[in-house]
Protein chains: 2
Amino acid sequence: MNAHPMMLKDRSAQPTDAEYALIRKALEIISGKWRLYLILLLGEHTLRYSELRQRLPAVSEKVLAGELKALVLLGVIRRDVFAEMPLRVEYTLTQKGRLALPILQQMPQIGRIFNECFDAT
Amino acid sequence: MNAHPMMLKDRSAQPTDAEYALIRKALEIISGKWRLYLILLLGEHTLRYSELRQRLPAVSEKVLAGELKALVLLGVIRRDVFAEMPLRVEYTLTQKGRLALPILQQMPQIGRIFNECFDAT
DNA sequence: CCGTATCCTACAGGATACTG
DNA sequence: CAGTATCCTGTAGGATACGG
């Protein structure tokens with residue numbers, strides 16, 4: 001493993017596709033108004049669809065369902081259906097999701113840094 | 001400092017505005033196709049406008065200038081103008097930017113996790 | 001060299017009604 | 001309960017030409 005994740009050789013180097021692709025993939029995971037928030041919620045407990053809805057009052061059905069589907073496809077979360085009556089569907093972080101979680105949990109800290117009002121030099 | 005950045009009290013808790021606001025702010029810093037990449041580039045050296053252009057061949061003038069302006073406004077980077085001939089303009093991370101850098105440098109690792117092909121349970 | 005100024009398009013995100 | 005199916009809108013991002 002390299003010491004520095006963004007190691008470019010010299011000042012005139014073009015961004016390599018490989019380096020940039022990792023960033024794009026990372027952004028795909030967390031981008032959008034709700035994706036990162038969903039991941040952090042599911043980092044604490046497995047939750048059902050209706051429980052997620054309660055925690056995101058502002059998001060529409062279509063969007064929530066779509067984001068969940070996207071996160072499943074990306075391999076961040078898993079969807080488990082229990083054929084009970086009434087139907088129960090639970091969402092849980094995958095192993096990859098749990099691996100990424102410690103890094104993603106630092107994101108609010110970024111927000112904290114830029115809300116603070118100290119010298120901006 | 002709390003052990004857990006996203007600590008909700010119980011399962012029926014609504015997301016507090018404060019918690020979600022931190023996430024929104026963090027996303028504002030890194031979202032968009034180029035913002036995070038720009039920050040990581042400037043985490044290595046101070047760069048001039050033309051040097052940034054060379055490293056982002058695919059981005060248009062308007063977008064690059066706009067993203068830089070946004071990052072200045074957010075307090076992530078600083079813009080220094082040197083009244084030479086020809087004109088020189090340099091972009092550098094602010095103190096806040098440097099504070100956030102170690103966390104942001106972990107983002108490519110997220111990309112790496114989800115490019116790997118291991119069991120996705 | 002270091003950017004604006006215009007114009008344009010696709011798509012993220014939302015409101016609402018309906019379904020297995 | 002756990003979602004689709006439609007329809008609609010704003011804006012992020014891009015192409016290109018011009019300006020200090």
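Keep in mind that what you see is a predicted model, and the values were worked out from it rather than measured. Protein chains get the first letters and strands the later ones, always in sequence-line order, with residue 1 at the start of each.
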query = Is any side-chain N or O of Lys62(A) under 3.5 Å from a base N or O of dG14(C), one able to act as donor and the other as acceptor?
reply =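 Such a pair exists between side chain and base.
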
Whole-Å gap separating [atom2] ([N]) and [atom1] ([X]):
X: Glu67(A); N: dG3(D); atom1: CD; atom2: P; result: 14 Å
X: Glu61(A); N: dC7(D); atom1: CD; atom2: P; result: 19 Å
X: Arg53(B); N: dT16(D); atom1: CZ; atom2: P; result: 13 Å
X: Leu36(A); N: dG13(C); atom1: CG; atom2: C1'; result: 17 Å
X: Leu64(B); N: dT4(C); atom1: CG; atom2: P; result: 10 Å
X: Gln54(A); N: dG3(D); atom1: CD; atom2: P; result: 14 Å
X: Leu47(A); N: dC1(D); atom1: CG; atom2: C1'; result: 15 Å
X: Tyr49(A); N: dG20(C); atom1: OH; atom2: P; result: 17 Å

Under 3.5 Å: donor-acceptor pair, side chain of Thr94(A), backbone of Arg78(A) =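 Side chain of Thr94(A) to backbone of Arg78(A), a donor-acceptor pair under 3.5 Å: no, none is there.
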
What nucleic acid atoms does [X] come within less than 4.0 Å of, heavy atoms only: base, sugar-phosphate, or nothing?
X: Phe82(B); value: nothing
X: Arg88(B); value: sugar-phosphate
X: Arg35(A); value: nothing

What is the distance from atom [atom1] of [X] to atom [atom2] of [Y], rounded to the nearest 0.5 Å?
X: Tyr91(B); Y: Leu47(B); atom1: OH; atom2: CG; value: 11.5 Å
X: Glu44(B); Y: Ile39(B); atom1: CD; atom2: CD1; value: 13.0 Å
X: Leu27(B); Y: Leu36(B); atom1: CG; atom2: CG; value: 11.5 Å

Under 4.0 Å between a side-chain N or O of [X] and OP1 or OP2 of [N]?
X: Lys69(B); N: dT4(C); answer: yes
X: Arg48(B); N: dC2(C); answer: yes
X: Tyr91(B); N: dG3(C); answer: yes

Considering only [options], which nucleotide approaches the side chain of [X] most closely?
X: Ala65(A); options: dG3(D), dT6(C), dG3(C); answer: dG3(D)
X: Val89(B); options: dC1(D), dG14(C), dC2(C); answer: dC2(C)
X: Ser50(B); options: dG3(C), dT4(D), dC2(C); answer: dC2(C)
X: Ser60(B); options: dT4(D), dG14(D), dA15(C); answer: dG14(D)
X: Val63(B); options: dG13(D), dG3(C), dA15(C); answer: dG13(D)
X: Val59(A); options: dG14(C), dA2(D), dG3(C); answer: dG14(C)

query = Are any of the side-chain nitrogens in Lys69(B) or Glu67(B) under 4.0 Å away from the carboxylate oxygens of its partner?
reply = no

query = Any Lys/Arg nitrogen of Arg53(B) or Glu61(B) sitting under 4.0 Å from an Asp/Glu carboxylate oxygen of the other?
reply =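 A salt bridge is present here (some side-chain N lies under 4.0 Å from a carboxylate O).
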
key: Residue closer to the 5' end of DNA chain C, Leu87(A) versus Leu87(B) (nearest nucleotide)   = Leu87(B)

